[in-house]
Every structure is written in structure tokens, then in C-alpha cells.
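No hydrogens, no waters, no symmetry mates; every other heavy atom, side chains included, goes into these values. These numbers were taken from a predicted model, which means no experiment stands behind them.
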Amino acid sequence: MIKQTITWREVPGEGDNGPRYEVYDSDTGTVIGTYDSREAAQEEVDAMNRSDVEGRGSGHRKQEADPAGG
């Protein structure tokens, strides 16, 4: 099973604003984006994790060059 490292966390908002939600890579600690709603953050997490899983599927294997040039 592939470990999904993209996740979100709640962070304090500025001033009187409510909390915000950071999407980040838990392996590197890199913040990918900040969102006003939990739902928007979760949608981004889902999209990024789905993209990562699809990129690791069987379709990503390198094709060897055709020695015949065709």
C-alpha cells in the first residue's frame, strides 16, 4: 500500500478570523497551500493523493526506445 503523505492541519487565522487549513507534505513539512475551509483543504488533499497514486500506476513505466526507429 502506498503511504499518502499529503494531509491538512488546522492553523489559527489572523485577527478575529476563524481557523485556516494548511495542506502540507508530512514527509518534508512543505506547505502546499492554505485554505479558508476544511472542505477545500480536503479536496486538495484528495486530488494530490489521487494524482500521486495514479502516477505510480503501471502507466508510468518508461518505454524503451525502439531500436528499429519505429
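Within the 3.5 Å criterion, the main-chain N or O of T5 finds a donor-acceptor partner in the side chain of S26.
Nearest approach of D27 to D25, heavy atoms of both residues: N-OD1, 2.8 Å.
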Using distance only, find each side-chain donor-acceptor pair of residues 32-40 under 3.5 Å and give its atom names and separation, not counting sequence neighbours.
{"residue": "D36", "atom": "OD1", "partner": "R20", "partner atom": "NE", "Å": "3.1"}
{"residue": "D36", "atom": "OD1", "partner": "R20", "partner atom": "NH2", "Å": "3.4"}
{"residue": "S37", "atom": "OG", "partner": "A40", "partner atom": "N", "Å": "3.0"}

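With sequence neighbours excluded, no residue satisfies salt bridge (charged side-chain N to carboxylate O under 4.0 Å, His left out) with D16. E43 pairs by the salt bridge (charged side-chain N to carboxylate O under 4.0 Å, His left out) definition with nothing, not counting sequence neighbours.
Here OG1 of T7 is found 12.5 Å from CD of E44. Values are rounded to the nearest 0.5 Å.
Within the structure, ring pair (Phe, Tyr, Trp, His ring centres under 6.0 Å) pairs that include any residue of residues 6-33 comprise W8-Y21 (at least two apart or interchain).
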